[in-house]
Amino acid sequence: MKYSIDIETVCGVKTCKGYNTVHQCPHDHALHHIKNKITKIGIYWRLKDNTEKFKSFDSINDFKLFFNDLPKENMELIGQNFKFDIKTLRAKGLFISKDLWSDDTRCMAIALSDKIPEKWLMFYNIKRNSLNKKLGKQIHRVAGKYSLKTLAPYHLNIEPFWENEDHSDEEYLFLDCKYTYNLESVLKRKLEEENTYEFYKDKLLKWEKMLYEAEYRGIRLDLNKMSELEIKYKNKEIDLLKQLDKELEKYNKLYAKKERQKLYEKYKNMYYNAVNKIKEELKEEKESKLKLKYKKLLRSALQKAPKTISFSSKSQVAWLFEECLGYDITYKKREKGKEIIKKGVGKEVINRLLLENKPYVKLYKEYSKTNKLNTSYFPSYKEKLVDDILYCSFNIGGTKTGRLSSSNPNLQQVPADLKEIFIAREGYKLITKDMSGIEPVLIAYLSEDHNLCNLLINGDNFHNYVTKFLVEYVNCDTSEVKKKFKAERDLCKVVDLSLFYGSGKNRLKTTSILHGFNWSDADCSFKIKLFKEKFMGAFKFKENLDKHLEKGLSVTNIMGRKLKIPDKDDVYMTGFNSLIQGSASDLVLESGARILEEKDLHPLLLVHDELVIEVPDNTQIKENEKKIEEKMTNYTLQSCHGVIPLQVEGNISNHWEK
DNA sequence: AGCAGGGCGATC
DNA sequence: GGACGATCGCCCTGCT
C-alpha cells in the first residue's frame, strides 16, 4: 500500500523570538529537526476502489499509534523532500525504516532532465508577490523549482495553492499529501519516458537516504577548542581594529566630517522639498515650523552619525584607500562578455596593493579575515549547536551543475583553520579522504585525450606535468617538479584546470601576478596555445560537447545523471564544467552510499571531492580505512589508452583533517 | 523597518 | 569573438 506523508513544523525554541510561529524565526528553526516543533502530520492513501483516505494528527503520539498499527508488508512511503520529514519524526521519537521510504518526488524532479522553464517560475513568483502585497507581509516565500508548490501546478495542471498564515490549515495539508501522491506516478512516467528512472531509483534516492543518515547523525565539535579559538580571534580583531584606528585617526576625522556634510545636504533637501509642497498662502506661518522640525531631525541624526570608519564596510574602505591614500583600486571584470573597469577592495585589488607595498593594506586584509571568522562562523555554529553536535542540510538538487550543496550551516566552506574543531565522538575517529585530482581523471576518461590519459596511467601528477611544459625552462623529471619549482607549480595548480573550462589569457595573467610572476600578455597567450595543443583531444571533446549542448540536447554524466544547459549562451562556459564537476560530485555521493552499506561506517560530510567518515576507534580501524579507499576507487574508468586509475588521499585522525 | 541587490569571501 | 565554474552567508546600502 502506498501512503504519502507530510509534516508541518514551526520554530520550537522557547527562548527564540520566533517560537511557535512560522516565517518570523530568524534562524529557520522550523527546519532544524531537533529545534523544530511538529504542528501537523498528514497521511494520504487510496483504497482499491480509488476512494481517497486522509488523516491528520496534531500530535506525534497519536500519529505514532496510528502508524505503528498499519501493516508494514508492501508498505511504500512517498514524500516530498522526505529526508526532512523522516529526520524530524525520528528526532521526535518515531523511527521509520529507510526501506519503507520508496519514493521522493523532489528527487524525481531533480533526476528529470526536463525542468520547469524559467519563464513559468517567473509567472508563479509574480502571483506570489501580488498575494504578499495584498497580505501586506512577505508571508509566502520564494518557491524553488523543486518545491511542491511549483512542481504540483506544473506537472499536474492544477492551480497554484497556498497555505494560510499559521501552517495549520487542514485543507492545505490534505492538498500537500494528495499532490505528492499524484506527482509520484506522473513523474515516474516522465522519468521512464526519458530513461532516467533507473538513475533516480538506483542512485539518487539511495544517495538521498545516505545524506539523511549523515544529517541525522551530525558532527561533533570540540567546544573547548572552539571557545579557545573564538577568544583568540576576538582579541585579534580588537587588536587590529585598535591599530587601524590609531594609525588612521586623521582619516577617521575626515570621514566623520564627510558624513556630517552628507547629513546637512540630506536634511536641507528634505526641508526645501517640504517647503515647496506648501501652498503659497500658508508659506509664511509654516516655513519656520518646518525649519525647526528639520533642524531637530538633523540634530538627532548627527548624534547617531558614525565617528569612525567602519572597516567591515567595503565602500568606506574603498573611500579611504582611494580618496585619502590615493591608491588605485580599479580592477577589470567581465560582465556579459564585455570587459569593464570596476572599483573595489576585493582580493585582486588588495593583493596587488600588497605587492606594491602600500601601507595599511596588510593590516586591513588581516582585519577582514578575522572579522569574517568572528561574524559569520562562530556565532552561526554556536546558535545551531545541540549540545556538542552540529547538524547541517545537504541539498542534492541545489546546483545547476549537479554538485551537492550544504546549508544551515554550510559545512562545505569551513575555513581550513577551523577544521580542527570538528572532532569524532567518544570511541570514534574521523577518516578524511579526498579524491585528489578527480577532475583531470574524469576529463581524461570522458575525452580519451592521448596525453592526459597516458600521464595519468603512468602515475604522473597532472599539476607537475603541466608545470613542466607551461614554464618553458623546466626540464627535469616530472616527479621532481614539486621540489624544484614549487612557486611555479603552485601557480599552475590553481589555474591549470580552469584552462580546460574556458579561462583565457587575462585569467592566467592575473593569477601569475598574484603568485609573484609577471607573465606578459604575449607569454600568457603562448602558454594557452601550448596547453591547448598538448591536450588537443580534450579541447576537441569540449568543442563537440558544446555543439551538442547548444542544440538543447542532453548529455549523461558518468553516474547516469542527465544534464541540459537551458540557455545556449551559457554552454561555452558551463557545459563542460558541469559535466565534469557533476560527475565528480556524483562519484563521491555513490562512494558515500557504498560506505554507508558497510557496518559501522558513518559518512558525515561530503565536500565536493572529499568525504569525512566516522568510524569506531578499534582494532578494525586500519581495515575500515582500506575498505573506504576501496569503495572510493572501485570504479573502472576504461579508456582506449587503458584504465585510468583513481587515487585517494587522507588520514585517520581525531579531527577533520585539512 | 524591512526588503532586494551588490560586493565580497569561504570552500571546492 | 571571448569568457573558468559552482555554492552559501554576511554586511552594507539604497529604496519604499
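Here is the naming used below: chain letters follow the sequence lines, and residue numbers restart at 1 for every chain. Note that this is a predicted model, so its numbers are computed, not measured.
The NZ atom of A:Lys382 sits 19 Å away from the P atom of C:dG9 (whole-angstrom rounding). Note: CG (A:Leu263) to P (C:dT13) measures 13 Å, nearest angstrom. In this structure, CG of A:Leu589 is placed 19 Å from P of C:dA6, rounded to the nearest angstrom. Residue A:Trp319 contributes atom CH2, which lies 13 Å from atom P of C:dT13 at whole-angstrom precision. When the C1' atom of C:dC4 is taken as reference, atom CD1 of A:Ile528 falls 11 Å away, rounded to whole Å. The nearest whole Å value for the distance from the CZ atom in A:Phe394 to the C1' atom in C:dT7 is 13 Å. Residue A:Asp28 contributes atom CG, which lies 13 Å from atom P of C:dC8 at whole-angstrom precision. Rounding to whole angstrom units, CG of residue A:Asn577 and P of C:dA3 are separated by 16 Å.
The side chain of A:Ser315 lies closest to C:dC12 when the candidates are C:dA6, C:dC12, C:dC4. Side-chain atoms of A:Met573 lie closest to C:dC4 of the nucleotides C:dC4, C:dT7, C:dG9. Closest contact between the side chain of A:Ser405 and the listed nucleotides C:dC4, C:dT7, C:dC12 involves C:dT7. Distance from the side chain of A:Thr375 is smallest to C:dC10 among C:dA3, C:dC12, C:dC10. For A:Ser376, the side-chain atoms get nearest to C:dC10 when compared with the rest of C:dC10, C:dG9, C:dG5. Each of C:dT7, C:dT13, C:dG5 was ranked by its minimum atom distance to the side chain of A:Ser313; first place goes to C:dT13.
An OP1 or OP2 oxygen of C:dT7 is reached within less than 4.0 angstrom by no side-chain nitrogen or oxygen of A:Thr401. Dashed line: the shortest gap from a side-chain N or O of A:Ser310 to OP1 or OP2 of C:dC11 is not under 4.0 Å.
Between A:Phe311 and A:Tyr367, the ring-plane angle classifies as perpendicular under the 30° and 60° cut-offs. Taking the six-membered ring for Trp and thresholds of 30 and 60 degrees, A:Phe517 and A:Trp519 have ring planes inclined between 30 and 60 degrees apart. In this pair, A:Phe539 and A:Phe531 present their aromatic rings perpendicular. The plane angle is above 60°, beyond the 30 to 60° band.
With 3.5 Å as the limit, one finds no donor-acceptor pair spanning the side chains of A:His32 and A:Asn408. Residues A:Asp434 and A:Ser436 bring no donor and acceptor atom of their side chains to less than 3.5 Å of each other. Side-chain polar atoms of A:Tyr501 and A:Gln581 form no donor-acceptor pair below 3.5 angstrom.
Residues A:Phe378 and A:Tyr233 are in side-chain contact: their nearest non-hydrogen atoms beyond the backbone lie under 4.5 Å apart.
The rotation axes computed at either terminus of the helix from B:dA1-C:dT16 to B:dC12-C:dG5 lie 10° apart, taking five pairs at each end and rounding to 10 degrees.
As judged by a 4.0 angstrom heavy-atom cut-off over every strand, A:Asn408 is placed among residues touching the sugar-phosphate backbone only.
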Would you sort out whether A:Tyr271 and A:Tyr267 count as a ring pair (Phe, Tyr, Trp, His ring centres under 6.0 Å), showing the intermediate values? CA-CA 6 Å; A:Tyr271 165 69; A:Tyr267 283 93; over 10 Å; no

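The distance from the CG atom of A:Asn81 to the NZ atom of A:Lys87 is 8.5 Å, given to the nearest 0.5 Å.
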What is the per-nucleotide protein-contact pattern of nucleotides 7-12 of chain B, from the 5' end, where B denotes a base atom under 4.0 Å from a protein heavy atom, S denotes such proximity for sugar-phosphate atoms only, and - denotes neither? SSBBSB

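In this structure, A:Lys542 is positioned above the aromatic face of A:Tyr572, its NZ or CZ under 6.0 Å from the six-membered ring centre and within 45° of the axis.
Here A:Tyr501 does not count as stacked on C:dG5, because the ring centres are not under 5.5 angstrom apart with planes under 30°.
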